[in-house]
Structures are given as C-alpha cells and as structure tokens.
4 protein chains.
Amino acid sequence: MSTAPSDRAQARRQQVLEAAAECFRRRGFHAASMAEIAKTAGMSPGHIYNLFENKDDIIAAIVERDCEDVLARIAEFRQEGDLLQKMLAATEQAIDKHSEVSQAALQLEVLAEASRNAKLAAVVYRSEALVNEKAQELIQLSLGPRADALPPEEIQGRALMLGVLFNGLTALGVRRPNMAALTPLMAPVMRRMLNVILAD
Amino acid sequence: MSTAPSDRAQARRQQVLEAAAECFRRRGFHAASMAEIAKTAGMSPGHIYNLFENKDDIIAAIVERDCEDVLARIAEFRQEGDLLQKMLAATEQAIDKHSEVSQAALQLEVLAEASRNAKLAAVVYRSEALVNEKAQELIQLSLGPRADALPPEEIQGRALMLGVLFNGLTALGVRRPNMAALTPLMAPVMRRMLNVILAD
Amino acid sequence: MSTAPSDRAQARRQQVLEAAAECFRRRGFHAASMAEIAKTAGMSPGHIYNLFENKDDIIAAIVERDCEDVLARIAEFRQEGDLLQKMLAATEQAIDKHSEVSQAALQLEVLAEASRNAKLAAVVYRSEALVNEKAQELIQLSLGPRADALPPEEIQGRALMLGVLFNGLTALGVRRPNMAALTPLMAPVMRRMLNVILAD
Amino acid sequence: MSTAPSDRAQARRQQVLEAAAECFRRRGFHAASMAEIAKTAGMSPGHIYNLFENKDDIIAAIVERDCEDVLARIAEFRQEGDLLQKMLAATEQAIDKHSEVSQAALQLEVLAEASRNAKLAAVVYRSEALVNEKAQELIQLSLGPRADALPPEEIQGRALMLGVLFNGLTALGVRRPNMAALTPLMAPVMRRMLNVILAD
DNA sequence: GATGAATGAGCCTTCATTCAT
DNA sequence: AATGAATGAAGGCTCATTCAT
C-alpha cells in the first residue's frame, strides 16, 4: 500500500521515459541534463525525483522498456508466416535505417555505462537473458521437430549468434554509413541458424 | 616541419595516451577527469594541453592508435598458415576474454560519442574504412584464385560480415558474461566468408 | 510573458548586480571571480547562472543600470532651477570625489572591454545614444526659444562636448589625484555649451 | 656594472614592447597571453622574464614609452607655426580616427588597471605629471607675454582642461562611432584655453 | 503531487611563471 | 643569452540533486 504506484504516477513515469529517451538519443546519456529531460517531459526537475531514484534509474528503466519492445517484436515473429523471411526483412531494415543511428548509439552507450554501473549491468544482463531465451524458442520453433536432434548447447549457440549479428549490425551501423553490400550475405547465415540441421 | 613534434613530445604523448586509455576504461570517457589522466600519466594537467588540443583530441588519438593495432593484427593474419584457423582462434579468444570487458566498453562508448562528435566520427569512419579494406584483401587472399569468380560486392559484403561478427562479439560480450556456446558456431560462418564460393 | 522573471528573481538579480559591481570595482572585471561575486551576493555560484547567462551578461546589466542612473540624474537636471549652476555643481563634485576612483576605473574598464565584446559594445552604444539624446534636450531646454536659431548639428556637437567633458573628468580623475585647479575652468566652457548663442 | 643592460638587451626589450602593445591592443591586457606575446616578439616565453619582471612590468614599460611619445608630440607643437591650428588639427584627427579604437581601449584599460596596481599607478601618475607640465609650458608659449597676467592656477587649470578634452575624446571615441559634429566645437574651447586672457 | 529556487562539488581549460638545459 | 617543457593554481561554468513551499 505504501509504495503502490498510482496509475497517475505510472503515466508520469512514462512521460519521463519518453522524454529521457529522446534527450539521451539527441545528446547522449551524460550530455542530456535532468533539466532538459524535465522540460521535454513537461514537468519540473524536482518532480522527476518523486518518480525515479536518480538519473541512472531512468536509463535502467529505458533499457527495461526497450527490452520489452524487443520481446514483443520477437513475439510477433512467432505469428504465422515464414520466420526466416521475416527475420531477413528485419535485418534488411536494420541495415538500411540510418535514421536510427542515434538510437543505436544510445544502446552502445548503455552497454558501456553498464560495464561500470552494477545496477544497470543487472538490468542489461536480465534483459539479454530474456531475449536469448526467447530467441532459443524461436529457433526451436523454426526447426520444428528436427530441433530435438540438436543438443541444447547448439540451440543456445545459435541464439547467441543471432545476438552477435543484431548487436554487430547496430555497432557497425554507427561505424559506417553504407552497409548495403551486407544484405545478401545475411540470408545464408540466418538460414544456417534457423533452418538447417548439420553434422558440421 | 614547422610543427614537427620532438621525440620527447612524442614519448609524452604516448604516456598520456596510455594513461588516458586506462582511465577511460576504468571510468568511462566522461567520468574520467583530466586531472586523473594527468596524475596517471605522471604530469601536470596543464602540460597535457601542450600535447593535445583537448580531451576529445585524446580519445581521437586513442581510436587512431587502436585502429593501427587492428591493422597490425590483420597484417599478422597475412603471414603463413591457415587463415581460417587463425581467425577462429582470434574469435575464440574474444569469446573467452572477459578481462577485456572494459576495453570493449570503451570501444562502444567511442562509437556512441562519435555519433555526436563530428571530429571523432571522422576518425572512426576512416578507421573503419581502412580495416574494411584490409579485410577484403584478407578474404581475397584466403579464397586465392577463386576470388576472381566473385563480384566485388560479394567481397565487400563478406568483409562487412566479418565486421558485424567482431563488433557483435564486442557488444554481446558486454551484455553477458558467458558466450562459450557460441564458439562452435563461429567456424561455419567464418568458413562461409573466407573459404567458400557459392551461388548462394 | 513566457520568461517573465518573478519578483523574487528580479530581487535576486539586483543582489547579484550589487555584489558584482562591488567586486568589479574592488578587483576589476577580470580579477573578480564568480565565486567571490556569489559569496558577496550571498548565494551559490551555480545559482547566479539561473539569473544571468554568464559573467559578461552581468557587466552588461550593470552598464544598463548605470545608464539608467545617469538618465535619472539628467532628468533631475530638468527640474526647476538654473541648469548651468546645477551642472557646474555636478562637475565640481566629480572633480572632488576621489572616493569614486574605483567606480571611474570600472567605467573605463567597461569601455575597454566593449571594444572586444560585441554584446557589451551594443549596450554601451545604446546607452551612449540615450544619454546623448537627453543631453541634447537639456541643451535645448537651457537655451530656450533661442535654440531654434542653432542648426541640429550644433546642438548635437554641444551634447557631444558635454560627453567629452564628463568622460574626460572620469579618465583624468584616475590619472591624477588632484584636479582642483580645474574647477574654475569648467564654468566658461559649460556656459558656452548651455547658455550661449554664437556665430562662433 | 652588474645590472647595466646591454644594447642587445635593450633591443630585445623593444621587441617585446612592440609585440606586447600589439597583443594588448588586439586582445586586451588580460586576454593577451605571455605565450602570444612571446610568439609575436619572436622569442621564447621564458626569455621575456629575463627582460621584464613580469607581465605588469611590460604594461608599465608600455605606458612609459607612450608617455614619451606624447611628450615628443607636444615638443613638435612647440615648433614654428600657429599652435592653436596645430592642436585643432590634432583633435580633429583624434575625432576622425576610428581605426585607433583599440589603442584607445588599451589606454582606458591601463587606467583601470592602475587603480588597483600601485606600481602601474606610479608610472601613470608620473606620466600625467610630465605631460601636464609640458602642457602648461605650451599654454604659456601660446599666450606669450600676456601669460604673466594669469595666476599659476589658471595655467594649471587650462592644462588640466586640455587633459580632460583629450582623455574625453579617447573615452567617448570608444563609446560611439561618430563624433563628427564635435569638430567645430573644439575650436572655441581650445582657443579659450590657448589664446585668450579673460577676467571671467 | 508538484514546483523551481538553490546548492556546491567538480569539470575542462588557461596561463603566468619557473627552471633545467 | 635563450629555450620551451613543465607546473599548478585558479577560473568560468554545468548539473545532479535537494527541499521549502
């Protein structure tokens, strides 16, 4: 009862998260000031501290929210239709979308920050664990009954490889403006992870 | 000739670079203070500004130095011996080395910083271009005469894929402590990039 | 309306202006530190930046305030009584008051600063324009109906001469401690500006 | 013998004075760094301290040199020809020369600085005393035998008034760009100081 | 719940000055 | 006589955070 956050408070938190994400994307985590976030969120700086412990707490909440978004996107992949095709479409989109460099930069900055901030690290770890778990389910779904022929480590490894690919796309996207030549190469690799049983 | 830095100055610059890299790794770019860097480098804060324009200039120099290290490592790959094996060994090393999380974090932070710092971005872009070029040469070397059968875009795409893989390893390595299951999966993907001619 | 500063903020600004003027007089513009000003004003250094853009902004505000003081003093001259007598009294006061050397020094320093600071220069120019305008009105008032016999340039020139005299008193007052012998000389010159119609 | 400055040292000092004056004019006394002065003078920063005590010592030397220039100019006035005409020409020149605002600004800054720097104040006072003395001689020369009819205070007052006028021109010249209307007004005032015997 | 005035530590950077060579 | 590497104190300014209202 004491700490039960009211609906109103929840909505206010969302406002802050929205505003903070925008500011962090625009200026980076350190350069974005609480004052700017407050202004963007349409509330006073002081009040933010009624909703969040501190600035770190905000970035942690953003990471959690982003994690949910990723999980939701993964859930969509489970719908009807060819999984490989849908994932390739997603990667192609990632390769083309250069408008999202600032979003990518924020993700990288969060990772860097997490390596020195235990609380944030916990959130990132948990987030990664959840995503990885869902990725494994996806792979098993994609392989169908043949999945049983593969040892769990293989499934886990493939999920990790998907993680490497998506994280790599994010990082390389910040490193260079044009990655078009990469698109055709994704297909065989993704297929190898999602649709193939191999002795290899 | 006019601004040719003396040997002494060069050595001092190296001291600062060493110290700054350590501080940046330990605390992050923003949290590391010039005072701390100066102390670590064994000189006064003021003198750093005789050697570098400003803090940004230091991180840029670090990126350039790191780039040279990468190029040197690539050059080693060109030596005698099976390229695929050597690169797999390198990735396996990357997968295992958890002591280097802070080094990885610094790299990610640099990328984030570059998305908002034009000068740093230029260094990062140039660095990536150099590495990608060398990666393409490596791939052609690995394929041998068969390389002629592949269109340039294919070579370029494969080099990009290597970039995605290494960058992805770096990022995912910060996201989770254990990536052991990934090791066996690297082989087929790397082989696909380095040793195979395929219609698809 | 949007940025209408509250009464409280206005009062705080006045505090800072008062304190800064004192510090600037005591130490000079460059030597006076924001920390000292803050302490003198009884607030934290940080808070000053909620009230003023930066240090330059403070000196500009002081100049504007001083300008208003001058205009107010000029307005007093318009009251009943012999203008020439009142102005001579004012100059005599200026000649004798050696306690105000530091105030005079600040004015000179402001002028020097303005020659390299565009924003401050604008304030100084505007200030001078206002004062000169009022001085012309004063001269016309003093001459009465005879003023119509003089071309506008003559009026403007006389106003400028008054400016030269007061500025000259300020500067020379810093240059030497004793200017008593000057007092009797002011009368004929001032009369020439305020009370005489001449072919030359 | 011990401190007898060699000719070479004297020449070096002149170099520094030249360079410093230029830098001070360009940037102001405080903003001009010793490094910049050294570079402009074509010598090392360290060596300047073999020639001058410190930065204040340089500005003091500049003031002394400028004083000599003024005295030299006054000496020229003593040559053949109508003194009033020559002085009016000088003031007209001062009124028109807007290229010299930075020179004027430096003079004002020096005065401001002198009010807080005893050593500089001494130089400024002495300089003013010398100039004033020469101005009195000039006035007596201009009046010729009639000068004997005037009490010394009157002569002193007139010399002071000349000082007020020239200092005022300097200050007002920084305050406003256009002082053309002032030119015709200088004649009667100057004549009053230089050529007239009055009961008034 | 909400404000925004206020704090104060700490940051990057500059620069007069020194001194070993 | 001359250099320029080196110092270190100090400065202006920012910003996460607090708290009286």
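All figures in this text were calculated on a predicted structure; none of them were measured in a lab.
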Q.
Reading DNA chain E from 5' onward, which residue's closest nucleotide shows up sooner: D:Glu53 or B:His30?
A. B:His30

Q) Does B:Thr40 use its side chain to pair, donor to acceptor, with the backbone of B:Glu36 at less than 3.5 Å? A) yes

(Q) With rounding to the nearest 0.5 angstrom, report the NE2 to CD1 distance, D:His30 to D:Ile59. (A) 9.5 Å

(Q) Under 4.0 Å, heavy atoms only, any strand: does C:Ala32 hit a base, just the sugar-phosphate, or nothing? (A) sugar-phosphate

Q) Taking CG from D:Asp56 and C1' from E:dA16, how many angstroms apart are they, rounded to a whole number? A) 10 Å

Please list, pair by pair, any protein nitrogen or oxygen found under 3.5 Å from a nitrogen or oxygen in nucleotides 5-8 of chain F.
from  : atom 1 : to      : atom 2 : distance (Å)
F:dA6 : OP1    : B:Arg8  : NE     : 3.3
F:dA6 : OP1    : B:Arg8  : NH2    : 2.5
F:dA6 : OP1    : B:Arg12 : NE     : 3.0
F:dA6 : OP1    : B:Arg12 : NH2    : 3.3
F:dA6 : OP2    : B:Arg12 : NE     : 3.3
F:dA6 : OP2    : B:His47 : NE2    : 2.2
F:dA6 : O5'    : B:His47 : NE2    : 3.3
F:dT7 : OP2    : B:Ser44 : N      : 2.8
F:dT7 : OP2    : B:Ser44 : OG     : 3.1

Q | Interatomic distance, B:Asp7 CG vs F:dG4 P [rounded to whole Å] | A | 15 Å

Q.
What is the separation between atom CZ on A:Phe29 and atom P on F:dT14, rounded to the nearest whole Å?
A. 19 Å

**Q.** Interatomic spacing from CD in C:Glu100 to CG in C:Leu106 - rounded to 0.5 Å
**A.** 12.0 Å

Q. Is the NZ or CZ atom of D:Lys55 positioned over D:Tyr49's six-membered ring, under 6.0 angstrom from the centre and within 45° of the axis?
A. no

Q) So among B:Leu111, B:Asp56, B:Val63, which one has a side chain to side chain contact (heavy atoms under 4.5 Å, CB included) with B:Leu120? A) B:Val63

Q.
Run through DNA chain E and report every stem of 3 or more consecutive Watson-Crick or G-U pairs, distances under 3.5 Å, ordered by first number.
A. E:2-21 with F:2-21

Q: Could you check whether B:Ala38 gets within reach of a base, just the sugar-phosphate, or nothing at all, counting any heavy atom under 4.0 Å?
A: nothing

Q | Side-chain donor/acceptor of B:Lys119 to backbone N/O of B:Ala60, under 3.5 Å | A | no

Q | Side chain to side chain, D:Val16 and D:Phe52, heavy atoms closer than 4.5 Å | A | yes

Q | Cationic N near anionic O, under 4.0 Å, D:Arg27 to D:Glu22 | A | no

Q) In whole angstrom, what separates C:Phe52's CZ from F:dT14's C1'? A) 18 Å

Q. A:Tyr49 has a side chain; which of F:dT18, E:dG1, E:dT17 sits nearest to it?
A. F:dT18

Q. So what does C:Met34 hit on the nucleic acid, given a heavy-atom distance under 4.0 Å: a base, only sugar-phosphate, or nothing?
A. sugar-phosphate

Q.
Tell me the interatomic distance from D:Lys39, atom NZ, to F:dG4, atom P, rounded to whole angstroms.
A. 12 Å

Q) Nearest to the side chain of B:Ser33 - F:dC13, E:dC11, F:dA16? A) E:dC11

Q. For D:Ile37 and E:dT17, what is the distance between atoms CD1 and P respectively, to the nearest whole Å?
A. 10 Å

Q | Whole angstrom value for the distance that separates P of F:dT14 from CD of A:Glu36 | A | 13 Å

Q: Measure from CD1 on D:Ile59 to C1' on E:dA16 and round the result to the nearest Å.
A: 15 Å

Q: Would you mind checking if C:Glu18 and C:Arg65 are paired as a salt bridge, meaning a charged N to carboxylate O distance below 4.0 Å?
A: yes

